[in-house]
Amino acid sequence: MGFEKEAGSSSYSLPPYPREDTPLLAKPPLLSSKPKTFANIFIAIVGAGVLGLPYSFKRTGWAMGLLMLFAVAYLTYHCMMLLVHTRRKLESILGFSKIGSFGDLGFTVCGPLGRFSVDAMIVLSQSGFCVSYLIFISTTLAFLTSNAAGETAPVVLGLSPKVLFLWGCFPFQLGLNSIRTLTNLAPLSIFADVVDLAAKTAVMVDDVFVFLRNRPALETFRGFSVFFYGIGVAVYAFEGIGMVLPLESEAKDKEKFGKVLGFGMGFISVLFGLFGCLGYFAFGEETKDIITTNLGFGLISGLVQIGLCINLFFTFPLMMNPVYEVVERRFSGSRYSLWMRWLMVLVISLVALLVPNFADFLSLVGSSVCVVLSFVLPAMFHCLVFKEELGWRGVVLDGAIVVFGIVIAVAGTYTSIMEIVSPTA
């Protein structure tokens, strides 16, 4: 492992690897009360993934979808706490606090390889989130313009409306992603969160009225063949694993952080379950990959969809910030690099053009990088640090989580790719 103790000495130190040994959090943040910690947990976890849950419930059946959602929520919470306990153990050994992020923890446990593994997964997962944002924005705006005219929007210069809207976002995203610090993005973040909460609440209220009016036929279970697909979407929905250590660092009452995190995960799980079920209950087999496109076109539904687009548009640079931290630390000596940021925005835009289905892409990202980041790495790091204290049961439990994560990653990635290449629904 990356931490060492010299015999007969009470001093501990991180190995002196150049540049790698730099926490992402340079200054200790202000401590947060329990309500603020809960709010930060909510913001860190709730994202675009919830919009694909109704379609996932359609694919899996609503009861099977709920079971997988709650199981993933519990396992995600467990692995988040594994990270917290692992850091606390290491800091008790080191004698001082120096582990500010998931990447710092990976470096402390496994050296540069651990840091690289975490960095790679964070870059891929955060970039994947942003790809899904662009898919949602371009698909939703294309849908709205098509329905506003009562017919399919025309192709312009050989480009479909979806492609035009995606490239229309591109120059504005270059500008937003040129902003150097999260502090300057804070007003946009607050605005985006308020709009997002209002829009998703409106979607659920509309779902209730549609369900009472239509009462479509519903499926409870659809079989094991869609298990990996549903797991991938559920894992994607809980996208906050990379933020748990910074959030715990900011908590004023660290001894009760686990309870606050557990309450937050429980609340979010119920919210996600309601959103997924209500969306599927409202539209049944007509549920689309992006639930908002089921709302049709009207003043209220149009405002809701535009509100969600605004939220994701301004959230894009916030979600890319961890990517820029990694890329700039590794390739420009932690110095701000405008051309690297613009290149990343270009690459993400190009990937978004190639993905036809929003929920299928959620499953792909969730089944691959998110599973490794959320389950495999936390359990592996915990086992390496606590192996002499766990006993065989603890080692077996951590090992089972690692094996489960690897199986889900391999099988789920294959299933999701097949769905994208040869869709069956």
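Just so we're clear, the structure is a prediction, and the values are computed from it rather than from any experiment.
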Nearest-0.5 Å distance that lies between atom CD in Glu219 and atom OG1 in Thr60 | 10.5 Å
Tightest non-hydrogen contact, residues Gly230 and Met68, listed as CA-CE, 3.7 Å
Leu308 and Lys200, any side-chain heavy atoms less than 4.5 Å apart = yes
Step through the shown structure and confirm whether more than 12 heavy atoms of other residues, nucleotides or ligands are within 6.0 Å of OH on Tyr336.
-> yes
For residues Phe107 and Leu113, determine if any side-chain heavy atom of one lies less than 4.5 Å from a side-chain heavy atom of the other.
-> no
Hey, are the side chains of Asp207 and Phe275 touching, using non-hydrogen atoms and a 4.5 Å cut-off?
-> no
Which heavy atom in Gly128 sits nearest to a heavy atom in Val365, and how many Å separate them?
-> CA-CG2, 4.1 Å
Check against side chain to side chain contact (heavy atoms under 4.5 Å, CB included), Trp62 and Leu67 = CA-CA 9 Å; Trp62 66 268; Leu67 288 175; over 6 Å; no
More than 12 heavy atoms from other groups under 6.0 Å of CZ on Phe170 = yes
Are Met64 and Thr220 close enough that some pair of their side-chain heavy atoms sits under 4.5 Å apart?
-> no
Drop me the distance from Lys162's NZ to Leu134's CG, to the nearest 0.5 angstrom.
-> 10.5 Å
Return the set of residues passing ring-ring contact (aromatic ring centres under 6.0 Å, His included) with Phe228 (not counting sequence neighbours), or none when no residue passes.
-> Phe224
What residues form a side chain to side chain donor-acceptor pair (under 3.5 Å) with Ser178, not counting sequence neighbours?
-> Trp342
Close side-chain approach of Leu141 and Cys309, heavy atoms under 4.5 Å | yes
Given the side-chain rings of Phe238 and Phe272, with only the six-membered ring counted for Trp, is the space between their centroids under 6.0 Å?
-> yes
Between Arg115 and Asp104, is the closest basic N to carboxylate O distance under 4.0 Å?
-> yes
Let me see the working for Ser367 and Ile231 under side chain to side chain contact (heavy atoms under 4.5 Å, CB included), right down to the final yes or no.
-> CA-CA 7 Å; Ser367 298; Ile231 286 288; 5.8 Å; no
Heavy-atom closest pair, residues Leu82 and Thr86 = O-OG1, 2.6 Å
Test item: Arg87 side-chain N/O and Leu105 main-chain N/O as donor-acceptor pair under 3.5 Å = no
Nearest heavy atoms of Cys79 and Pro378, plus distance in Å = O-CB, 3.6 Å
Taking all non-hydrogen atoms of both residues, which atom of Lys58 and which atom of Arg222 are closest, and how far apart?
-> O-NE, 2.6 Å
Under the ring-ring contact (aromatic ring centres under 6.0 Å, His included) rule, collect the residues that match up with Phe70, sequence neighbours excluded.
-> none
Exam field: side chain Ser374 to backbone Cys370, donor-acceptor pair closer than 3.5 Å = yes
What do the steps show when you test Val402 against Asp398 for side chain to side chain contact (heavy atoms under 4.5 Å, CB included), and what is the final call?
-> CA-CA 6 Å; Val402 171; Asp398 283 347; 5.6 Å; no
Flag the pair Ile348 / Phe129 as yes when at least one side-chain heavy-atom distance between them is below 4.5 Å, and no otherwise.
-> no
Looking only at atom types and distance, does a side-chain atom of Gln173 sit under 3.5 Å from a main-chain N or O of Phe313, one as donor and one as acceptor?
-> yes
With under 30° as parallel and over 60° as perpendicular, where do the rings of Tyr77 and Tyr74 fit, or are they tilted in between?
-> tilted
With sequence neighbours left out, which residue pairs that include part of residues 125-138 fulfil the side-chain hydrogen bond (donor to acceptor under 3.5 Å, both in side chains) condition?
-> Ser132-Tyr236
Which distance, rounded to the nearest 0.5 Å, do you find between the CD1 of Ile291 and the CG of Leu51?
-> 9.0 Å
Mind checking ring-ring contact (aromatic ring centres under 6.0 Å, His included) for Phe386 and listing every partner two or more places apart, or none if nothing turns up?
-> His382
Are Arg341 and Met320 side-chain neighbours, meaning at least one heavy-atom pair lies under 4.5 Å?
-> no
Can you find a heavy atom in the side chain of Phe57 that is under 4.5 Å from one in the side chain of Leu66?
-> yes
With a 3.5 Å cut-off and no angle check, do the side chains of Asn177 and Tyr324 form a donor-acceptor pair?
-> yes
Output for pair (Ser349 OG, Met344 CE), nearest 0.5 Å, gives 10.5 Å
May I have the step-by-step check of side chain to side chain contact (heavy atoms under 4.5 Å, CB included) for Phe165 and Thr145, ending in yes or no?
-> CA-CA 10 Å; Phe165 280 116; Thr145 55; 3.4 Å; yes
Distance col, row Leu261:CG vs Lys256:NZ, nearest 0.5 angstrom, shows 15.5 Å
Run the numbers on Glu248 and Arg88 for salt bridge (Lys or Arg N to Asp or Glu O under 4.0 Å), then give the verdict.
-> CA-CA 10 Å; Glu248 198 254 352; Arg88 290 175 179 175; 2.9 Å; yes
Could you list the residues that satisfy side chain to side chain donor-acceptor pair (under 3.5 Å) with Trp392, not counting sequence neighbours?
-> none
Could you pull out the closest heavy-atom pair between Met340 and Ser337, with the gap in Å?
-> CG-OG, 3.2 Å
Salt bridge (Lys or Arg N to Asp or Glu O under 4.0 Å) between Arg329 and Asp119: does it pass, once the steps are laid out?
-> CA-CA 10 Å; Arg329 171 163 44 82; Asp119 282 353; 3.2 Å; yes
Parallel, tilted or perpendicular: ring planes of Phe102 versus Phe381, cut at 30 and 60 degrees | perpendicular
Thr315 side, atom OG1; Asn311 side, atom CG - distance, nearest 0.5 Å | 4.0 Å
